[in-house]
Amino acid sequence: MTADKKPETAVTIEKRPNGKWCFVVKYRGVTHPAQGNFSSMLQAQAIGQSVLRALEKQG
């Protein structure tokens with residue numbers, strides 16, 4: 001997939017310096033700041049996906 005064909009919607013999981021996990025949601029070209037201090041990557045992914053679904057229902 002080329003750079004100009006990337007989806008406008010994405011959830012990115014990141015590890016913070018303190019060892020905790022967070023998620024960043026990009027929705028319709030707007031990047032929402034990192035959220036959460038989760039103990040596992042799976043928790044961050046699950047919450048990030050649910051936030052994305054909630055945003056999609058609103059829009």
Side-chain angles (χ1 to χ4, degrees):
M1 190 177 278
T2 61
D4 60 339
K5 298 282 184 179
K6 286 188 177 180
E8 293 181 358
T9 304
V11 176
T12 306
I13 307 303
E14 299 176 354
K15 192 166 190 176
R16 293 184 181 225
N18 66 0
K20 300 286 185 172
W21 294 89
C22 64
F23 64 89
V24 177
V25 175
K26 184 176 180 183
Y27 180 68
R28 292 186 178 177
V30 177
T31 303
H32 299 271
Q35 301 289 319
N37 275 320
F38 302 99
S39 57
S40 74
M41 182 173 33
L42 186 60
Q43 288 175 329
Q45 287 173 333
I47 300 298
Q49 288 296 325
S50 66
V51 167
L52 184 59
R53 277 188 242 117
L55 285 171
E56 288 173 343
K57 283 184 181 179
Q58 285 180 351

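- Leu42 and Phe38 fall into different hydrophobic clusters, where Ile, Leu, Val, Met, Phe, Trp and Tyr side chains are chained together by heavy-atom contacts under 4.5 Å.
- Contact check for Thr12 versus Lys26: no side-chain heavy atoms found under the 4.5 Å cut-off.
- To the nearest 0.5 Å, atom CD1 of residue Ile13 and atom CD of residue Gln45 are 5.0 Å apart.
- Between Arg53 and Gln49, some side-chain heavy-atom pair lies under the 4.5 Å cut-off.
- For the atom pair Trp21 CH2 and Glu14 CD, the distance stands at 10.0 Å (nearest 0.5 Å).
- A donor-acceptor contact shorter than 3.5 Å links the side chain of Arg16 to the backbone of Gly36.
- Separation of atoms CZ (Phe23) and NE2 (His32) is listed at 10.5 Å; rounding is to 0.5 Å.
- Once rounded to the nearest 0.5 Å, the distance linking CD of Glu56 with OH of Tyr27 reads 5.5 Å.
- A heavy-atom distance below 4.5 Å is not found between the side chains of Ile47 and Gln35.
- The side-chain contact (heavy atoms from CB on, under 4.5 Å) check on Lys20 picks up Asn18, Asn37, Ser39, with sequence neighbours excluded.
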